[in-house]
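Order of appearance sets the numbers: ligands from 1, and atoms from 1 within every ligand.
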Amino acid sequence: MNNTLQNKRILIVGGSSGIGLAVAKQACKAGGKLIIASRNAAEKYEDLITAVGHGIEAHSFDVASEKQTAAALKKIGEIDHLVITSRPQITPALFVETDIKQAKEAFETKFWGQYQLIQKAHSHIRQNGSIVMTTGIAGEKIFKNFSTMTIINSATETFCRLLAMELAPIRVNVVSPGFVSPKPLEVEQYAEQFPAGRLASPDEVADAYIYLMKNSYTTGRSVVIDGGAMLI
Ligand SMILES: NC(=O)c1ccc[n+]([C@@H]2O[C@H](COP(=O)([O-])OP(=O)(O)OC[C@H]3O[C@@H](n4cnc5c(N)ncnc54)[C@H](OP(=O)(O)O)[C@@H]3O)[C@@H](O)[C@H]2O)c1
């Protein structure tokens with residue numbers, strides 16, 4: 001059985017740019033009722049309507065703040081699907097040169113942000129609903145300079161499998177992107193060595209979130225969209 005997204009309430013935290021925005025556009029085209037959240041989503045409401053379409057809701061909150069998250073969820077109410085694509089600020093650096101404060105802040109946003117958001121939001125999810133988190137290929141393949149994302153992403157993959165057991169029948173999955181455009185030239189040159197020979201577009205990655213929301217028999221899994229990065 002495939003769930004349709006028609007009239008489904010889909011909350012995308014991190015939906016105001018990049019991959020999350022691409023998911024919002026595709027989900028809206030599929031008939032979903034979009035609720036876009038990020039620290040500044042409400043302030044970007046007019047731009048979001050232009051990009052995604054009419055009938056969307058926008059809420060501003062910081063996923064790292066339990067208080068703000070709880071208040072926003074109270075206003076949002078029931079949802080069918082929760083998608084999380086919020087991205088922390090990280091400057092790539094070798095482990096020995098990593099700024100520990102920045103690494104901890106990245107954990108607060110990406111790992112603990114997803115953790116506490118799901119703890120608060122799971123009771124808002126209706127029957128046949130799902131959660132899709134975001135990791136990244138650095139959680140599986142080791143790249144120098146990406147130690148913080150490596151540990152956050154691999155912790156998130158394990159967390160996904162645990163949640164798929166504990167929150168069932170809510171399905172819980174992750175999308176693991178490779179390198180997505182736009183990116184600095186040095187990363188783009190790196191992606192040119194992958195079998196796909198280029199960066200992914202946000203739309204190509206967004207397809208995976210749509211699939212995971214719609215497919216009613218997939219849970220506890222990671223869908224990797226990496227252009228073959230794992231093969232080199
Ligand atoms: N792009 C890549 O190459 C790539 C590769 C692998 C994995 N990923 C993962 O894919 C996800 C999306 O990445 P992206 O490149 O699409 O990111 P992006 O374009 O930078 O967008 C990030 C989104 O997160 C929101 N956000 C940031 N901090 C937040 C916070 N504390 N609370 C609530 N919202 C917050 C931002 O909006 P506000 O500024 O309004 O808060 C924005 O909507 C991330 O988990 C990232 O780690 C990306």
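Counting heavy atoms under 4.0 Å from ligand 1, residue I137 does not touch it at all. Both the backbone and the side chain of I19 come within 4.0 Å of ligand 1, counting heavy atoms alone.
Classification of the F111-Y115 ring pair by plane angle, with boundaries at 30° and 60°, yields tilted.
For atom 20 (O) of ligand 1, the nearest non-hydrogen atom from the set R87, M133, E108 comes from R87. For atom 45 (O) of ligand 1, the nearest non-hydrogen atom from the set K44, E105, K110, M149 comes from K110.
Less than 4.0 angstrom separates some heavy atom of V63 from each of these atoms of ligand 1: 30 (C), 31 (N), 32 (N), 33 (C). For ligand 1, the atoms sitting less than 4.0 Å from at least one non-hydrogen atom of S86 are 24 (O), 26 (N), 34 (N), 35 (C), 44 (C), 45 (O), numbered in the order shown with element in parentheses. Close approach of ligand 1 to K183 (heavy-atom distance below 4.0 Å) involves ligand atoms 1 (N), 2 (C), 3 (O). Ligand 1 places these atoms under 4.0 Å from at least one heavy atom of F61: 32 (N), 33 (C). Which parts of ligand 1 touch S16 is read off a 4.0 Å heavy-atom cut-off, strictly below it: atoms 37 (O), 40 (O), 42 (C), 43 (O). Heavy-atom proximity to G18, at under 4.0 Å, picks out these atoms of ligand 1: 16 (O), 19 (O).
No donor-acceptor pair under 3.5 Å is formed between the side chain of E188 and the backbone N or O of P184.
Other residues, nucleotides and ligands contribute over 12 non-hydrogen atoms within 6.0 Å of the CG atom of L231. Heavy atoms from other residues, nucleotides or ligands lying under 6.0 Å from CD of E166 number 12 at most.
Assignment of P177 to the shell around ligand 1 is supported, since a heavy atom sits closer than 4.0 Å.
Residue T134 has no nitrogen or oxygen atom sitting less than 3.5 Å from a nitrogen or oxygen atom of ligand 1, judged on distance alone.
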